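The next block holds one structure in the form of structure tokens; read it before the comments.
The structure presented is a predicted model; accordingly, all values stated were derived computationally and were not measured.
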Amino acid sequence: MAFAYQNQSSHTFVPERWDADLLVQFDPLLVWAATLVSNRKYEGEIRQKGDVVHINSLLRPSIGDYKLPEGMTAQRPETVDQKLPITEAKYLQVLVEDAERTQLAGGLDSPINQQMIRALAREADTFMGDIIAKGATALPAIKVTAQNAAQAFYSAILDMMLALDDNDIPGGRYVVVSPKVKRYLVEHPAIANAGAYGEGGVTANGVVARLAGFTVASTTAMPTGVDIVAGHSEFATYASQFTGFREGQSEKYRADYIDTLHLYGGKIVRYPELDTQKADSTFDESKPTKGIVKAAVEWPAA
């Protein structure tokens, strides 16, 4: 649309360009809501807060012995329903003198808009981190001293590896650590010399290195009381959608506004082989998942 004070033929605000820029800048800021930690398999078509995405888990069929004359007995597939509610609705609105000129000047690249995108990402990441931590299986606290911290954290990650191995959790795992844990963990030779164990270097989404089958990441958005979380992205899902940028004329100021709405939700995904099925064909979600583990650190007194 064009306003009365704008030239009709030159008004070229393109919301799709802003949508693309937002996703390019938003996704690398995520850790908990990144695909490394949370899958995006069930996003579907999200239109408003309150929408529910349904996840059907197929029960594993039983295996029978083939012998004559009995032959084979067919089984009817059974599913367990899980609901992924879209509980969050956050908005980003930018007030500009002229939307067209703002677009030409770089749009979302301005410092204030960058801060707003970081704030949106932080909200989503903190939300997803809390869901994952609440649904994870707690392991014993890690007791450290200043002298043994690096080895203690390395050993804790190996204990998490064993806990996941015991439940046949597949490869492609992650471990997320707090910045304080990372500070000591990088002193361990397995991280400091990560080239001998996997891939080193810092990349997007907080990735630090790869170690013992884990991609190691770090974030400041750690849930309260948790210092290390390890698991697989199949056990947490995040559904997110930006409704698209729109523009309009401010009723209060001689300016345009540009805004978008971020709708999202998340949950722990349950599996018949690992979780308790209830009589109503749902899962008992009061129990922690076996596909994600967590631990707190008992730091030495200052």
Side-chain angles (χ1 to χ4, degrees), residues 27-28 30-42 55 57 60 82 125 128-142 150-179 181-182 184-186 188-223 226-238 266-275 287-297:
D27 281 354
L30 304 174
V31 175
W32 297 112
T35 53
L36 170 68
V37 177
S38 302
N39 70 72
R40 304 276 185 93
K41 292 182 176 181
Y42 310 104
I55 304 170
S57 297
R60 179 181 292 176
Q82 301 180 68
D125 227 29
M128 200 62 212
D130 287 342
I131 285 178
I132 291 170
K134 288 175 183 175
T137 295
L139 298 184
I142 306 163
Q151 182 59 46
F153 294 142
Y154 178 68
S155 296
I157 290 175
L158 296 185
D159 289 341
M160 290 179 163
M161 176 187 71
L162 178 59
L164 297 175
D165 284 348
D166 285 343
N167 287 295
D168 293 324
I169 307 306
R173 303 167 182 173
Y174 67 83
V175 59
V176 179
V177 302
S178 68
V181 170
K182 180 181 74 171
Y184 291 98
L185 185 60
V186 294
H188 195 280
I191 295 290
N193 303 320
Y197 294 82
E199 298 177 28
V202 178
T203 63
N205 304 113
V207 171
V208 178
R210 289 175 174 83
L211 172 72
F214 292 105
T215 297
V216 184
S218 182
T219 177
T220 57
M222 292 298 293
V226 178
D227 293 282
I228 305 180
V229 176
H232 193 285
S233 62
E234 290 295 309
F235 292 86
T237 190
Y238 170 71
K267 77 176 281 89
I268 297 296
V269 181
R270 307 288 175 164
Y271 292 91
E273 299 80 22
L274 297 172
D275 294 284
K287 297 180 179 180
T289 177
K290 297 175 183 176
I292 306 173
V293 294
K294 64 182 178 181
V297 175

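Put simply, CG on Leu158 and CG on Leu211 are 7.0 Å apart, with the number rounded to the nearest 0.5 Å. A distance of 9.5 Å separates CD1 of Ile268 from CG of Asp275, quoted to the nearest 0.5 Å. In this structure, Arg270 CZ and Gln82 CD are separated by 8.0 Å, a value rounded to the nearest 0.5 Å. Atom OG of Ser233 is separated from atom CZ of Arg40 by 11.0 Å, given to the nearest 0.5 angstrom. Note that CD1 of Ile169 is 5.0 Å distant from CG of Leu274, once rounded to the nearest 0.5 Å. To the nearest 0.5 Å, atoms CD1 (Ile132) and NZ (Lys134) are separated by 12.0 Å.
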Practice prompt. Could you please spell out the steps behind the side chain to side chain contact (heavy atoms under 4.5 Å, CB included) verdict for Leu164 and Phe214?
Written response: CA-CA 11 Å; Leu164 297 175; Phe214 292 105; 3.9 Å; yes
Worksheet item: Does the pair Lys182 and Asp227 meet the rule for a salt bridge (charged side-chain N to carboxylate O under 4.0 Å, His left out), with working shown?
Response: CA-CA 10 Å; Lys182 180 181 74 171; Asp227 293 282; over 6 Å; no
Item to complete: Could you please spell out the steps behind the side chain to side chain contact (heavy atoms under 4.5 Å, CB included) verdict for Arg173 and Met161?
Response: CA-CA 9 Å; Arg173 303 167 182 173; Met161 176 187 71; 3.8 Å; yes
Worksheet item: Checking side chain to side chain contact (heavy atoms under 4.5 Å, CB included) for the pair Val176/Val31: CA distance, chi angles, key distance, verdict?
Response: CA-CA 8 Å; Val176 179; Val31 175; 4.1 Å; yes
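Closest heavy-atom contact between Tyr238 and Ser38: CB-CB, 3.9 Å. Contact record, Glu234 with Tyr271: O-OH, 2.7 Å, taken as the closest heavy-atom pair. Smallest separation of non-hydrogen atoms from Leu185 and Phe153: CD1-CB, 3.8 Å. Taking both residues in full, the closest heavy atoms of Ala133 and Val226 are given as CB-CG2, 4.2 Å, listed atom of the first, atom of the second, then distance. What you find for Thr137 and Pro288 is that their closest heavy atoms are OG1-CB, 3.6 Å. Between Met128 and Ala236 the shortest heavy-atom distance is CE-CB, 4.1 Å.
His232 places a side-chain N or O within donor-acceptor distance of the main-chain N or O of Gly171, the cut-off being under 3.5 Å.
Of the listed residues (Val37, Val229, Asp125), just one forms a side chain to side chain contact (heavy atoms under 4.5 Å, CB included) with Thr219, and that residue is Asp125.
When side chains are defined from C-beta on, Trp32 counts as touching Pro223, because their heavy atoms get closer than 4.5 Å. Within the 4.5 Å cutoff, no side-chain heavy atoms of Val175 are placed close to those of Thr215.
Asn39 and Thr237 form a side-chain donor-acceptor contact under 3.5 Å, judged by distance and modelled atom types alone.
Judged as a side chain to side chain donor-acceptor pair (under 3.5 Å), and not counting sequence neighbours, Thr35 has no contacts.
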